[in-house]
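So the structure is just underneath, and the comments pick up after that.
Keep in mind that what you see is a predicted model, and the values were worked out from it rather than measured.
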Amino acid sequence: MAVMMLVLTSLLVIFIFSLLKVAYDTISCYFLTPRRIKKIMEKQGVRGPKPRPLTGNILDVAAYVSKSTSKDMDHITHDTVNRLLPHYVAWSKQYGMQAYLTVETTGLEPET
């Protein structure tokens with residue numbers, strides 16, 4: 001009987017620690033890490049829209065893209081950023097160009 005109690009308490013302790021580990025990983029992934037990254041970026045002067053818990057800004061991005069691609073283009077152009085990435089255009093106007101990495105800041109600008 002004592003051996004059985006020892007096995008059950010060991011299993012209970014393992015289960016509780018596993019449950020605590022899963023809870024910590026979930027909180028860290030969905031709350032602590034995004035908050036830490038946002039603070040680091042704000043210190044560098046990078047601002048942007050406030051993300052929602054769990055989904056971030058995916059719903060806003062999807063709404064912008066569906067609105068911009070719902071109608072046909074008036075004429076064919078190589079400037080597709082307004083159509084394919086409308087959230088970049090809107091948020092760059094609202095928060096400034098620092099909100100997003102551009103080709104010029106990464107040093108990938110082609111030489112002429």
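- Residue Arg83 holds its CZ atom at 6.0 Å from OG1 of Thr69, rounded to the nearest 0.5 Å.
- Rounding to the nearest 0.5 Å places CG of Leu32 at 10.5 Å from CG of Asp25.
- Rounding to the nearest 0.5 Å places OG1 of Thr26 at 10.0 Å from NZ of Lys21.
- With a 4.5 Å cut-off on side-chain heavy atoms, Val89 and Val81 count as touching.
- Taking OH from Tyr88 and OG from Ser92, the interatomic distance works out to 9.0 Å, rounded to the nearest 0.5 Å.
- Atom OG in Ser68 sits 8.5 Å away from atom CG in Leu85 (nearest 0.5 Å).
- Residue Asn57 comes nearest to Pro49 through the heavy atom pair ND2-CG, 3.3 Å, listed as atom of the first residue, atom of the second, then distance.
- Proximity of a side-chain donor or acceptor of Thr33 to a complementary backbone N or O of Ser28 within less than 3.5 Å is detected.
- Cluster membership for Ile14 and Met5, using ILVMFWY side-chain heavy atoms within less than 4.5 angstrom, is not shared.
- Between the CD atom of Gln44 and the NZ atom of Lys39 there is a distance of 15.0 Å, given to the nearest 0.5 Å.
- Using a 30° and 60° split on the angle between ring planes, Tyr64 and Trp91 fall in the perpendicular class, above 60°.
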